[in-house]
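What follows is a short report on a single structure.
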Amino acid sequence: MTPKQRREAAMLKQQAIVNAAKADGNRALTAEEQAQFNALQREIDEAQAEIDAQERGLAGGTGAAAAPPAANPQQTTPPPATAPQTVPADGQRSATEAERNRVTEIMALCRDFDVDPAEHIRNGSSLDQVRSSILDGMRQTGSPVGVQVTRDENETFRQRATDALMLRAGVPVATPADGANELRSMSLRDLAIECLSRDGRDTMQLLRMQPDDMYGELCRQFYNPTAAFPAILDNTIRKSIVQLYNAVPTTFQAWTTKGSLKDFKTTADHEYVIGGMGDFLLVPENGELKPDKPRTELLPNRKLDTYGRTFSMTRQAFINDDIGFLTEVPGLYAAAAKKTIDKQVYSLLYNNAPIFDGVNLFHKNHGNLITKGGKPTQASIQAIILQMQHQRDQFGEAIYITPQHIIVPVGYEFELAVILHSAQVVGSNNNDINPLYNYPINIIQTPVLNALAGDKEVPWFMVANTASAKHIQVDYLNGQETPTVRRMETPGVLGFQWDIYLDWGIAVRDFRGIAKNPGEKIAAE
């Protein structure tokens, strides 16, 4: 084959690789395809160099014919031989590099606009000429110009790689990105090579790089805000944390209220509850409406605190292709954050510390404490409900309290199921009607109370619907309930490191919406 034929054949093979990627959802080239593409590009460069050398030979050394000696009788000595013209090696390398850049840029531009680049490469068009040709074609066909209709290819690849890592780690993904399944078998090293080659690095050089050297290269990329590999790790960690955090089996969120604060300052003292309006008065004909002045009471303050940890990907994890650090380790920290909130909420109930009015949360002055403790029974449940329903608001007015949740330690769930779902009183002589039959109360069982009590009496609680009376509230910074992950840039530290933190605060909004029975000891089975 002539050099031109070799060049054309290599270009056709390159186009076949690009077309295959387009047909597969317009995906990016894999590491293997990129290596083949680069090898073909080297063949094109070599063929082009031969073509250039042949053309220079024809134009420089023997191509200009001289007049025959007989036609110039005055000349008695032959003309000196003309030395063949040569091109310096640096110039040849520059020409080869320029041609390689031209082909690469044209193919990238044509791929973005779904245009065949073969003819533009063959006829020697410059990048500006190709760009002008594409714009002219879009004007003729009426296609929009300057409108971004698809997501950036780099962002698409990152989303695809993120879902692939989650699938490989066993984390379920509801709707994986197109092409994620094709990438899920890639090792961390293969993914790093793919990312670096997309940034213009030589694929063959990356394939020959030792894992330890590759890790060092990625650590340098860690500080580049546009680098793909660290961004893919960030996205994978964030998505896995959200899923794993929501799956943690805690119970505080089932009955507490959720609030939002915009900063870490203690809430201002001007938060009030307004009431004490009094009754509407009869207005006789032509009578006068009498003025009334509502009274106000201060509400308790609220404040946020920050809780967090740091975790990292070590050299060994990368070299061993251990992707557990992407899902399992962050997931454990996310679970720890949610369990910490759960423990703090139930510790607040169990420890019974003084609240905003200087009195213990559960106290006879608050009317929310049963004097004699015992396990949940029909009689004790009715007693705590009736006590709650006798509460009055801050202004002495009656409150319509609706009990909604009963919070118990482990050991009472099955007994409560019998109490709340039996039509007759179990064990009664005359099968008495059960007044708690299908009473609308949710059973919330938590082992945290057992752990806090140890071998002492374990209390249980009745909680009202928040629309009728307030009780415990968990506040988050700007409503952010899941932990935040931030890539931590620490020069001199070997490895990829992240901060994981969450801002929350727990406040007693009122004591009227919750009541306590001191309970009794629960024998270990």
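Everything numeric in this text was worked out from a predicted model, so none of it was measured.
A 4.5 Å side-chain heavy-atom check between Phe157 and Leu183 finds at least one atom pair inside the cut-off. Residues Ile193 and Gln34 fail the side-chain proximity criterion, which asks for heavy atoms closer than 4.5 Å. For the pair Ile385/Tyr439, a side-chain contact is recorded, criterion being any heavy-atom separation below 4.5 Å from C-beta on. Between Gln387 and Ile370, the closest side-chain pair of non-hydrogen atoms falls below 4.5 Å. At a threshold of 4.5 Å between non-hydrogen side-chain atoms, the residues Asn442 and Gln404 count as touching. At least one side-chain heavy atom of Lys239 sits under 4.5 Å from a side-chain heavy atom of Asp163. For the pair Ile406/Trp460, a side-chain contact is recorded, criterion being any heavy-atom separation below 4.5 Å from C-beta on. Between Pro435 and Gln378, the closest side-chain pair of non-hydrogen atoms falls below 4.5 Å.
The backbone N or O of Lys265 sits less than 3.5 Å from a side-chain atom of Asp263, completing a donor-acceptor pair. Counting only distance, with no hydrogens or angles, the side chain of Asn434 and the backbone of Ser422 share a donor-acceptor pair below 3.5 Å. Side-chain atoms of Glu328 never come within 3.5 Å of backbone atoms of Pro330 as a donor-acceptor pair (strictly under, hydrogens ignored). Side chain of Ser197 to main chain of Thr203: no donor-acceptor pair is present (N/O by atom type, distance under 3.5 Å, no hydrogens or angles). In this structure a side-chain-to-backbone donor-acceptor pair under 3.5 Å is present from Arg512 to Arg392. A side-chain donor-acceptor contact under 3.5 Å links Thr257 to the backbone of Ile472. Listed for the Asp475 side chain is no donor-acceptor partner under 3.5 Å among the backbone atoms of Leu261. Put simply, the side chain of Asn450 never gets that close to the backbone of Val458: no donor and acceptor are under 3.5 Å apart.
Nearest approach of Gly505 to Leu304, heavy atoms of both residues: N-CD2, 3.5 Å. Of all the heavy atoms in Leu127 and Glu105, the pair that sits closest is CD2-OE1, 3.4 Å. Considering every non-hydrogen atom in both Pro459 and Lys516, the closest pair reads CB-CE, 3.8 Å. Across all their heavy atoms, Ile355 and Val508 have their closest contact at CG2-CG2, 3.9 Å. Nearest heavy atoms, Arg160 versus Ala177: CA-CB, 3.9 Å. In terms of heavy atoms, Leu167 sits closest to Ala180 at CD1-CB, 4.4 Å.
Donor-acceptor pairing under 3.5 Å is lacking for the side chains of Gln159 and Glu155. Gln480 and Thr482 form a side-chain donor-acceptor contact under 3.5 Å, judged by distance and modelled atom types alone. A donor-acceptor pair shorter than 3.5 Å can be found between the side chains of Ser187 and Asp190.
Across Asn517, Ile441, Ile514, Ile407, a single residue satisfies side-chain contact (heavy atoms from CB on, under 4.5 Å) together with Met462, and that is Ile441.
Remark: Asp499 pairs with Arg486 by the salt bridge (Lys or Arg N to Asp or Glu O under 4.0 Å) rule, at least two apart or across chains. Applying the salt bridge (Lys or Arg N to Asp or Glu O under 4.0 Å) criterion to Lys258, with sequence neighbours excluded, gives Glu481. Not counting sequence neighbours, the partners of Tyr307 by the ring pair (Phe, Tyr, Trp, His ring centres under 6.0 Å) test are Trp504.
Legend: side chain to side chain donor-acceptor pair (under 3.5 Å) pairs involving residues 240-250, not counting sequence neighbours, sorted by first then second residue: Thr250-Gln253. Evaluation of the side chain to side chain donor-acceptor pair (under 3.5 Å) test over residues 351-363, restricted to residues two or more places apart or in two chains, returns Asp357-His366. Within the structure, the salt bridge (charged side-chain N to carboxylate O under 4.0 Å, His left out) test picks out no pair touching residues 176-186 (sequence neighbours left out).
Around atom OH of Tyr400, no more than 12 heavy atoms belonging to other residues, nucleotides or ligands sit under 6.0 Å away. Atom CZ of Arg131 has more than 12 neighbouring heavy atoms from other residues, nucleotides or ligands inside a 6.0 Å radius. The neighbour count for Lys364 NZ, taken as heavy atoms of other residues, nucleotides or ligands under 6.0 Å away, does not exceed 12.
The distance from atom CZ of Phe311 to atom CG of Leu332, rounded to the nearest 0.5 Å, is 10.5 Å. To the nearest 0.5 angstrom, Asn465 atom CG is 7.0 Å from His405 atom NE2.
Ring planes of Phe461 and Phe362: tilted class, angle from 30 to 60°. Between His471 and Trp255, the ring planes are tilted. Angles from 30° to 60° get that label.
Between Asp199 and Arg201 there is no salt bridge, since no side-chain N of the basic residue sits under 4.0 Å from a carboxylate O of the acidic one.
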